[in-house]
Structures are given as C-alpha cells and as structure tokens.
Number of protein chains: 2
Amino acid sequence: MSTEATQELVEQWRALQCAYLKTSNALDRELSSRHGIGLNEFETLDLLAEHRAEGCRMKDLTLVSPMTQSALSKIVDRLEKAGYVQRAACAEDRRSLYVELTEAGAHLHDEAAGTHRELLEANLPA
Amino acid sequence: MSTEATQELVEQWRALQCAYLKTSNALDRELSSRHGIGLNEFETLDLLAEHRAEGCRMKDLTLVSPMTQSALSKIVDRLEKAGYVQRAACAEDRRSLYVELTEAGAHLHDEAAGTHRELLEANLPA
DNA sequence: TGTCATTGAATGATGCGTCATGTAATGTCC
DNA sequence: GGACATTACATGACGCATCATTCAATGACA
C-alpha cells in the first residue's frame, strides 16, 4: 500500500474517531444532566422500547446491543434500581429473564428520546 | 422533523457507533497482544512521532489528542514506565514538560504502526 | 513589587466496562 | 436416566478514563 493511501486511511480513522467521540460525549453529558441517565443506559432503554411488543430477554439484548453481556447485566441493574426497568421470570426457560420497561421507564424514554434525537441532529455529519 | 428523518438519524448514529467500536476494539486487541500497548498509548506515540521535529509538550499533546489532560498524564506515565517515552524539563516555562520518544519508543512505534495501518484497512468502511 | 488570576501538569476518588469465573438450568448422547 | 457440554445470567477483580482538586510557575496590573 502506498504511503499516501496509508495516510488517507489514518485521516479517515481520525475523522471517524472524532465524530464518534464528539457525539457520544455530547449525548452522555446532556442525557446525564437533563435526565439523569448515561448514554448506554438510554440506548438500552431505547432498544427495550423498540422491542417491547415481542418481549426482550437479557439474551436478546446482547444480540442487538454493542455492549457486552456483562456490561448489560450491570446497566440493567442500574436501570432496575432506578425503577425504569424490571426483570421478570421466563416460563419456557428458567435461566432466562425478561427485561421490561416500567411506566416510569417508558416515560423517561419518551422524554430522553427527544434530547437524543436533537443532539444527533446537532452533532452528526450532515 | 419528520419521523422518517429522525429514524434515519438514529440509524446513521448506530452505523457510526458500530464502525467505531468494531475498529477500536480490533485495534486495541491486536496492539495489546502483538506489541503490549493499548490503542490510546499507541495513538499517543503516533502523535509524538508526528511532532517529533518541533518538540512536543504535554500541553501540545492535549491540543492534538482527543484524550483529556488527565488521561494523557497517565498515558505518558505508563509509556514512561515502559521506557518508550521520557519527560524533559522546558527551559522557557518551568511548568511545562517536553515529552520525547526514546529509542525503544521510536522502534516500537515503527513496528506497531504496521499493525495499526493493517487493521485500519481491514476494518474501515471502504 | 505585591496581589490576584491564570496556566501546565499531577493526583485521588469515583464510575464504568471487560475479562474470567461461578452457578443454575437446559440439551445431548450413550 | 446419568454424565458431560452448553447456555443464560451474575459477580468480583481489574484497568482505565473522568472530574475535581491541588500545586507550582507565570502573567497582569495597580
């Protein structure tokens, strides 16, 4: 590979990095200050809201989230402690747990989604 | 803003997130296993190599790196302990410190840069 | 020149994500 | 149906980034 092509690759990577960090930092800061939850918490709520109809087990979450199983377990812990989510037993497989939005969780999601979308529009490269 | 436009924004964000996480995870994993340094350490070495001619103070690093001043201080700590970098007093301003690549650091950077570029090519969206 | 604000850098407390591991429950195969 | 592997999830240890704070040096200004 030529030196110029390599240089271009590095610049492309730095641009990606910059766009991602700028956006995720802005999201995290605003979601925290306005709604009291971090970005990963919000995005988990968002996934739960999206799949609310089918029902969502921990395992399903790991399939659609970029987070680790372990991280998701702790995120759901925090959301549960805050009352935004609850775990429910799964009749077909007693190892599994359903994760469900509570009233408060659905309400918070509605509010925070506005902030989220607004910041995406402000930060994402057009 | 229309619902569809909002939805598209969210998809754009998830794509950005996915591309960034996939690439940075791959980079971090390979740089660690092949060269024993993390991604942020490497990118700091990379910046130092890039600005080697002018001389690079801590403060200059914070201007070109996406990392925090505090994080950079600790990254340089680790690089220094590993012998890849050294801090040197700054005559014009005794609060400042120059950060310089050592022989070993320059050598490691040469090797690791190959891995870095290779993984960028493999992971970045063409 | 003495006072006060600012700057460059280091550090301690804290939060969070990851890895490795543990523990049930389930599946498989003889 | 009993032994073994596998799956779903939780947890503890660890690393690392961040924030707030601290400290020393410098600048500004009366």
Side-chain angles (χ1 to χ4, degrees), chain A residues 17-18 20-22 24-33 36-45 48 55-82 85-100, chain B residues 17-18 20-22 24-33 36-45 48 55-82 85-100:
Chain A
Q17 201 174 209
C18 175
Y20 173 77
L21 293 175
K22 174 170 149 255
S24 75
N25 286 338
L27 283 169
D28 204 41
R29 196 169 15 253
E30 289 305 310
L31 287 169
S32 294
S33 66
I37 55 171
L39 176 56
N40 290 333
E41 270 104 342
F42 171 77
E43 303 210 307
T44 302
L45 281 186
L48 288 174
C56 194
R57 291 162 301 172
M58 273 292 173
K59 190 222 156 145
D60 303 320
L61 262 184
T62 65
L63 298 179
V64 292
S65 168
M67 307 292 305
T68 297
Q69 175 265 324
S70 167
L72 281 172
S73 181
K74 298 180 185 186
I75 289 172
V76 170
D77 274 353
R78 275 174 258 145
L79 289 173
E80 190 171 32
K81 260 163 206 140
V85 133
Q86 62 192 27
R87 291 184 234 236
C90 172
E92 310 89 63
D93 186 340
R94 301 211 314 259
R95 293 169 303 180
S96 283
L97 290 176
Y98 281 104
V99 187
E100 298 160 354
Chain B
Q17 197 173 211
C18 176
Y20 173 78
L21 292 175
K22 174 169 148 257
S24 75
N25 286 337
L27 283 169
D28 204 41
R29 198 171 12 255
E30 290 305 310
L31 287 169
S32 294
S33 66
I37 55 170
L39 176 56
N40 290 334
E41 272 102 341
F42 171 76
E43 303 209 307
T44 302
L45 281 186
L48 288 173
C56 193
R57 291 162 301 172
M58 273 292 175
K59 189 221 158 153
D60 303 319
L61 262 184
T62 67
L63 298 179
V64 292
S65 168
M67 305 293 305
T68 298
Q69 176 266 323
S70 167
L72 281 172
S73 179
K74 299 181 186 186
I75 289 172
V76 170
D77 273 354
R78 275 175 255 143
L79 289 173
E80 189 171 31
K81 261 161 204 140
V85 135
Q86 62 193 26
R87 291 184 235 235
C90 173
E92 309 89 65
D93 186 339
R94 299 209 318 258
R95 292 168 302 180
S96 283
L97 290 176
Y98 281 104
V99 185
E100 299 161 352

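Bear in mind the structure is a predicted one, so any value in this text is a computation, not a measurement. Within every chain, numbering begins at 1; the chains are lettered A, B, ... in the order of the sequence lines, protein sequences first and strands thereafter.
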(message) Within the 4.5 Å heavy-atom criterion, are A/Met58 and A/Gln69 side-chain neighbours or not?
(response) no
(request) Would you kindly give the CG-to-C1' distance between B/Leu72 and C/dT11, to the nearest whole Å? (result) 15 Å
(request) Drop me the distance from B/Leu97's CG to B/Cys90's SG, to the nearest 0.5 angstrom. (result) 8.0 Å
(request) Working to the nearest 0.5 Å, report the span between CZ of B/Arg78 and CD of B/Glu41. (result) 4.5 Å
Atom pairs, N/O to N/O, protein against nucleotides 24-29 of chain C, distance under 3.5 Å?
| residue | atom | partner | partner atom | Å |
| --- | --- | --- | --- | --- |
| C/dT26 | OP1 | A/Arg94 | N | 3.0 |

(request) Starting at CG of A/Leu27, measure out to CD of A/Glu43 and round the result to the nearest 0.5 Å. (result) 7.0 Å
(request) Taking only Lys NZ, Arg NE, NH1 and NH2, and the carboxylate oxygens of Asp or Glu, determine whether A/Asp77 and A/Lys74 approach each other closer than 4.0 Å. (result) no
(message) With a 4.5 Å cut-off on side-chain heavy atoms, are B/Tyr98 and B/Arg87 touching?
(response) no
(request) Measure from the side-chain N and O atoms of A/Asp28 to the backbone N and O of A/Leu39, and report whether any donor-acceptor pair falls under 3.5 Å. (result) yes
(message) For a 4.5 angstrom cut-off between non-hydrogen side-chain atoms, does B/Ser32 reach B/Arg29?
(response) no
(message) Could you measure the distance from the CG atom of B/Leu45 to the CG atom of B/Asn40? Nearest 0.5 Å is fine.
(response) 11.0 Å
(message) Check this one for me: any side-chain N or O of B/Arg57 less than 4.0 Å away from OP1 or OP2 of C/dA9?
(response) no
(message) At a heavy-atom distance below 4.0 Å, which nucleotide of DNA chain D is the first touched by chain B, and which is the last?
(response) D/dC16 to D/dT26
(message) Measuring only between side-chain heavy atoms, which start at C-beta, is B/Val85 closer than 4.5 Å to B/Glu100?
(response) no
Give me the distances for all protein-to-nucleotides 15-19 of chain C N/O pairs that come in under 3.5 Å?
| residue | atom | partner | partner atom | Å |
| --- | --- | --- | --- | --- |
| C/dG17 | OP1 | A/Asn40 | ND2 | 2.6 |
| C/dG17 | OP2 | A/Arg78 | NH2 | 2.7 |
| C/dT18 | OP2 | A/Thr68 | OG1 | 2.8 |
| C/dT18 | O4 | A/Lys74 | NZ | 2.5 |
| C/dC19 | N4 | A/Ser70 | OG | 2.8 |

